[in-house]
Amino acid sequence: QVRLVESGGGLVQAGGSLRLSCAASGSIFSIAFMAWYRQGPGKQREVVAILDTRGSTAYLGSVKGRFTISADNANNTAYLQMNSLKPEDTAVYYCNFRVQLTRESTWSEYWGQGTQVTVSS
């Protein structure tokens, strides 16, 4: 079984920075992509950033140029560096990995428990 554990959330003033981490535990054969989602108060969950195994990235339009997704593939850990934070970035942030547990297994998706990011104005 794979478990994703997030850390790094907190309270920050507008203009500040935070770095989120998501570490996967358990036996993983391959990871197709790592992603960060967020869900703000009264809003639907939305994808913030995606990083695939080729190193290609994609970002939500409103965070381009401010957020950076990266990974430590040797340790199955994803990061989200968030700079120039705005109050509208306030949300619970979730990591999401699409993984293959063995060479023969199908692909499965796993989610972290969520970490709260609050940006004060």
Side-chain angles (χ1 to χ4, degrees):
Q1 185 69 13
V2 172
R3 184 180 176 215
L4 303 186
V5 179
E6 302 170 18
S7 60
L11 173 64
V12 64
Q13 288 189 331
S17 298
L18 284 173
R19 189 192 195 206
L20 305 183
S21 299
C22 176
S25 62
S27 179
I28 295 175
F29 174 74
S30 180
I31 298 177
F33 66 77
M34 300 173 174
W36 288 94
Y37 286 72
R38 69 184 182 188
Q39 187 165 16
K43 298 181 181 180
Q44 290 188 330
R45 190 174 296 192
E46 61 184 357
V47 60
V48 175
I50 298 175
L51 171 66
D52 69 18
T53 53
R54 298 169 300 175
S56 297
T57 58
Y59 294 92
L60 180 68
S62 61
V63 309
K64 280 183 181 178
R66 299 188 298 122
F67 290 11
T68 302
I69 186 171
S70 62
D72 175 356
N73 293 314
N75 292 299
N76 293 331
T77 300
Y79 302 98
L80 185 67
Q81 178 66 44
M82 305 185 293
N83 298 328
S84 302
L85 282 160
K86 303 176 181 180
E88 50 264 43
D89 295 318
T90 295
V92 177
Y93 284 71
Y94 300 89
C95 58
N96 169 248
F97 288 11
R98 183 172 174 84
V99 308
Q100 197 178 17
L101 301 183
T102 68
R103 185 187 297 273
E104 294 77 27
S105 65
T106 57
W107 294 93
S108 301
E109 291 196 21
Y110 293 87
W111 291 86
Q113 80 284 2
T115 185
Q116 177 69 47
V117 171
T118 303
V119 185
S120 62
S121 57

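- Proximity of Tyr110 to Gln1: side-chain heavy atoms (C-beta onward) are separated by under 4.5 Å at one or more points.
- Using a distance-only test at 3.5 Å, with no hydrogens or angles considered, no donor-acceptor pair links the side chain of Arg98 to the main chain of Ala32.
- In this structure, OH on Tyr93 lies 10.5 Å from OG1 on Thr115, to the nearest 0.5 angstrom.
- When all heavy atoms of Ile50 and Ala35 are compared, the closest pair comes out as CG1-CB, 3.8 Å.
- Residue Phe97 is not grouped with residue Phe33 when hydrophobic side chains (ILVMFWY) are merged at heavy-atom distances under 4.5 angstrom, including chains of intermediate members.
- Considering CH2 of Trp107 and OG of Ser30, their distance stands at 3.5 Å, rounded to 0.5 Å.
- Across all their heavy atoms, Ala78 and Met34 have their closest contact at CB-SD, 3.5 Å.
- Between Ser17 and Ser84 the shortest heavy-atom distance is OG-N, 4.3 Å.
- A continuous path of Ile, Leu, Val, Met, Phe, Trp and Tyr side chains, each step under 4.5 Å between heavy atoms, connects Leu18 with Leu60, placing both in one hydrophobic cluster.
- The distance from the CD atom of Gln113 to the OG atom of Ser7 is 8.5 Å, given to the nearest 0.5 Å.
- Linking Ile, Leu, Val, Met, Phe, Trp and Tyr residues whenever their side-chain heavy atoms come within less than 4.5 Å places Trp36 and Val63 in a single cluster.
- In this structure, Thr90 contributes its side chain and Val119 its backbone to a donor-acceptor pair below 3.5 Å.
- Of all the heavy atoms in Gly114 and Val92, the pair that sits closest is CA-CG1, 3.8 Å.
- Just one of Asn73, Asp72, Thr77 meets the side-chain hydrogen bond (donor to acceptor under 3.5 Å, both in side chains) condition when paired with Asn75; it is Asp72.
- Atoms OG and NZ, on Ser121 and Lys86 in that order, are 14.0 Å from each other to the nearest 0.5 Å.
- A donor-acceptor contact shorter than 3.5 Å is absent between the side chain of Glu6 and the backbone of Leu20.
- Note on residues 26-52: pairs passing salt bridge (charged side-chain N to carboxylate O under 4.0 Å, His left out), not counting sequence neighbours, are Arg38-Glu46, Arg38-Asp89, Asp52-Arg54.
- The hydrophobic cluster containing Met82 also contains Val12, counting ILVMFWY residues as joined when their side-chain heavy atoms lie under 4.5 angstrom apart, directly or transitively.
- Under the 4.5 Å side-chain criterion, counting only non-hydrogen atoms from C-beta, Thr68 is not in contact with Tyr79.
- Qualifying side-chain hydrogen bond (donor to acceptor under 3.5 Å, both in side chains) partners for Gln81, counting only residues two or more places apart in sequence or in other chains: Asn83.
- Using a distance-only test at 3.5 Å, with no hydrogens or angles considered, a donor-acceptor pair links the side chain of Tyr59 to the main chain of Ile69.
- Listed for the Asn96 side chain is no donor-acceptor partner under 3.5 Å among the backbone atoms of Gly112.
- The minimum heavy-atom distance linking Ala71 with Leu51 is given by the pair CB-CD2, 3.6 Å.
- For the pair Leu85 and Phe67, the minimum side-chain heavy-atom distance is below 4.5 Å.
- Under the 4.5 Å side-chain heavy-atom criterion for ILVMFWY residues, a single connected hydrophobic cluster contains both Val99 and Leu4.
- Residues Tyr37 and Val47 have side chains in contact (heavy-atom distance under 4.5 Å, counting atoms from C-beta outward).
- Without hydrogens or angle criteria, Gln100 side chain to Ser105 main chain gives a donor-acceptor distance under 3.5 Å.
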